[in-house]
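As a basis for the values below, the full set of heavy atoms in this structure was taken, side chains included, without hydrogen atoms, waters or symmetry mates. All chains are named by letter (A, B, ...) in the order of the sequence lines, taking the proteins before the strands, and each is independently numbered beginning at 1. The structure presented is a predicted model; accordingly, all values stated were derived computationally and were not measured.
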Amino acid sequence: MNRHRFPLWTLLGVVLVAALVVGSGALDTSPPTAAQRAAAIESVIRCPSCEDLSVADSSAQTAVTVRATVRQQVGAGRTDQQIEDYLVARYGSSIILDPPASGWTLLVWLLPLLGGLVAVTGVAVVLLRRRTATRADAPGGAPTLGADPSLLEEQRQFLVQSLADADAEYLAGDLSDRDYLALRQRDMVRLSAVESRLDELRGAAPDRPPTRVLVAEGLLSSDADGVAGGPHVLHAREPDAPATVPVAPAAASAADLPAAAARRHQSRSRRSWWFLGGAVAAFAAALVLAVSLLSSTRLPGQSETGSISLSQSQQIEDTLSRAASLENQGQLGQAATLYQSVLDTHPDNEVALAQLGWLEFETGQQGDDASLMSAGRAMLNRAVGLDPTDYAAHLYLGTVLLQQDDNAAGAVAQYGQFLSDDPTATVLQQAAPEVRLAYQQAGVPVPAGVPAG
Amino acid sequence: MTALDPTDAGPGTPVRHAARWIAVGVLVVAAGLVAVLATRPPATVAEVQSPLVGEQVPPVSGPTINGDDYTLSRPPGRYVVVNFFASWCEPCQEEGPELVKYQYQHQQSGSATMLSVVFDDTTAAARTYQETLGTTWPTLTDPGGRLALSFGVRAPPSTFVVAPDGRVVAYVVAPVTAADLDQIIARAEASGP
């Protein structure tokens, strides 16, 4: 089972890296067009008056200006760096969406890399430990002892500690009789082998103190398979005395130690899986961050790769919707600015013309500003001319004719168009008083569909 | 090579100490972060850093809301307060009377003057606003926001104080008062060119 996991992980990694490389466009060696260059720069410049939006994603006036400047400078042959420097010299370094790789902000770049490194190291350590553990627990996997005395001594101390732990766990009731015995048998065999090897290397007379570990006398003298429950007296004794440790290397194969080996293996496996899970989660988080930082923005002409961006008409709709919302909230100046921003790029947008025309007329009327009223009226006339089916433009123009010119007949003509364009019930209700007034002043019967005022 | 596993640490080994040290490390980092944030200057300071401060004022020219052409002399020869505003901006409405007061106070001596630039607003609305306020200084329309970009303006009101030698000496992003402007100019005079 474990033999298959590593190649699968490797394969997954290779596929992932390949997908990232291809997706990032790093293999595309064709030089970018001017529009692609401008789009790439715009995607890394922060909209000056927005929160964490690039100028490419914003329709604010400041973003429109920056976009125009970028395109102008690209056209003038300036490099990407020169254009960024130009903007930084005016707005400061915060105009660049990516934080600079210096000072404290360097941490933003280093931490993901560090996290990824730690995660990869963690995965490697876990995999190596699992392989080592698998070999150690494998049936017939007899220890092969080297000739390095310091390493052997380290192993000896580890085994002594392991035996002491087993004793402590047994005393605390954490180990069953069977498991305790199996664990002891295994570690004693290994300890014996290590100490024998150490003795060989150091000569016949051992220069180390005899190892003293606790053993459960009653338990060790009983049948390995027939261990009964109940208390056992523990006392110190020499662990490698053959009379009290009735185990031999030949009898200590892993087949004799199923429960203890399985318990230790499961415990280690659980720890490993937690560690592995944490490492993979950290790696995934670092990867997501790296991809978001390094992946390229979709440029004109490129196919979509999962990002959501609004088309030009959707952006206009979005701006008009925001303007209408502001207008309803009484933020008339900001609404007017948004309508104007639509007209800056699309002078024939009849909705923006009608709404801005009406706003300017109303503002001029309140401020007694004839030029503003005149400008608003001109916009309404244009809107009606551009889209004769736009009921809002007809409604506004009718009201202008009625209020400014006292031209009831002209107003009725516009209101007639308004009514024939199927306005919504809410709009009809709001417009009803002016409509009824115009019809009454013109001496024309009020149409049946107009609600009572 | 040995199949034994000395790294499989038992209870009471350095693993627990490692966890303790990691916890201490995290606490130290968190405490450092709190200290840094607590000692930072408050975000409500109106006068802010700008790459323009200390540099020469960008070229300022264009049509005014009354249709005239205007160009700011370089160097201007006196203090010039360049104020970006919009009629829809409430803080601008708050500072408007203070700017009028400031202009009135310095009109006679000619030591300083005002210059307004429309930011993200229609010319008609800006003209109505300035007329209501009773301003007497030039107001540039800034079609396309070119001037705002050259000054690095993000939102109204934004006010720059330009010294007689053409250096930008202050950038304020909140409503200013006549007293604020006098204070800025006094400081600039004291520090010299």
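Proximity to chain A is absent for every atom of B:Tyr129, based on heavy atoms less than 4.5 angstrom apart. Interface residue A:Gln72: only side-chain heavy atoms are found under 4.5 Å from chain B. Only the backbone of A:Ala89 comes within contact range of chain B, judged by heavy atoms closer than 4.5 Å. Using a 4.5 Å cut-off between heavy atoms, A:Ser341 does not touch chain B at all. Contacts of A:Val64 with chain B are absent, with no heavy-atom separation under 4.5 Å from either backbone or side chain. Looking at A:Gln340, the atoms closer than 4.5 Å to chain B (heavy atoms on both sides) all sit in the side chain, from C-beta outward. Only the side chain of A:Tyr86 comes within less than 4.5 Å of a heavy atom in chain B; its backbone stays farther off.
Residues of residues 142-151 of chain B that come closer than 4.5 Å to chain A, counting heavy atoms only, are B:Gly144, B:Gly145, B:Arg146, B:Ala148, B:Leu149, B:Ser150, B:Phe151, ordered by residue number.
The two residues A:Pro48 and A:Val55 make their nearest non-hydrogen contact at CD-CG1, 4.1 Å. Contact record, A:Leu380 with A:Trp358: CD2-N, 4.0 Å, taken as the closest heavy-atom pair. The two residues A:Leu198 and A:Pro149 come nearest to each other via the heavy atoms CD2-O, 3.8 Å.
Side-chain contact between B:Thr122 and A:Thr337 is absent, with no heavy atoms from C-beta onward closer than 4.5 Å. The side-chain heavy atoms of B:Thr177 and B:Glu98, taken from C-beta on, include a pair separated by under 4.5 Å.
Ion pair A:Arg156/A:Glu195 flagged as a salt bridge, since at least one NZ, NE, NH1 or NH2 atom sits closer than 4.0 Å to an Asp/Glu carboxylate oxygen. The pair A:Glu360-A:Arg377 does not meet the salt-bridge criterion, since no charged nitrogen lies less than 4.0 angstrom from a carboxylate oxygen.
Environment of CD in B:Gln183: sparse, with no more than 12 heavy atoms of neighbouring residues, nucleotides or ligands closer than 6.0 Å.
Ring-plane geometry between B:Phe160 and B:Tyr171 is classed as parallel, the angle between the planes falling under 30 degrees on a 0 to 90 degree scale with a further cut at 60.
Residue pairs satisfying the disulfide (SG to SG under 2.5 Å) criterion with at least one member in residues 86-168 of chain B, sequence neighbours excluded, are listed as follows: B:Cys89-B:Cys92.
With chain B as partner, the option from A:Thr363, A:Thr69, A:Asp369 having the largest number of non-hydrogen pairs under 4.5 angstrom is A:Thr69.
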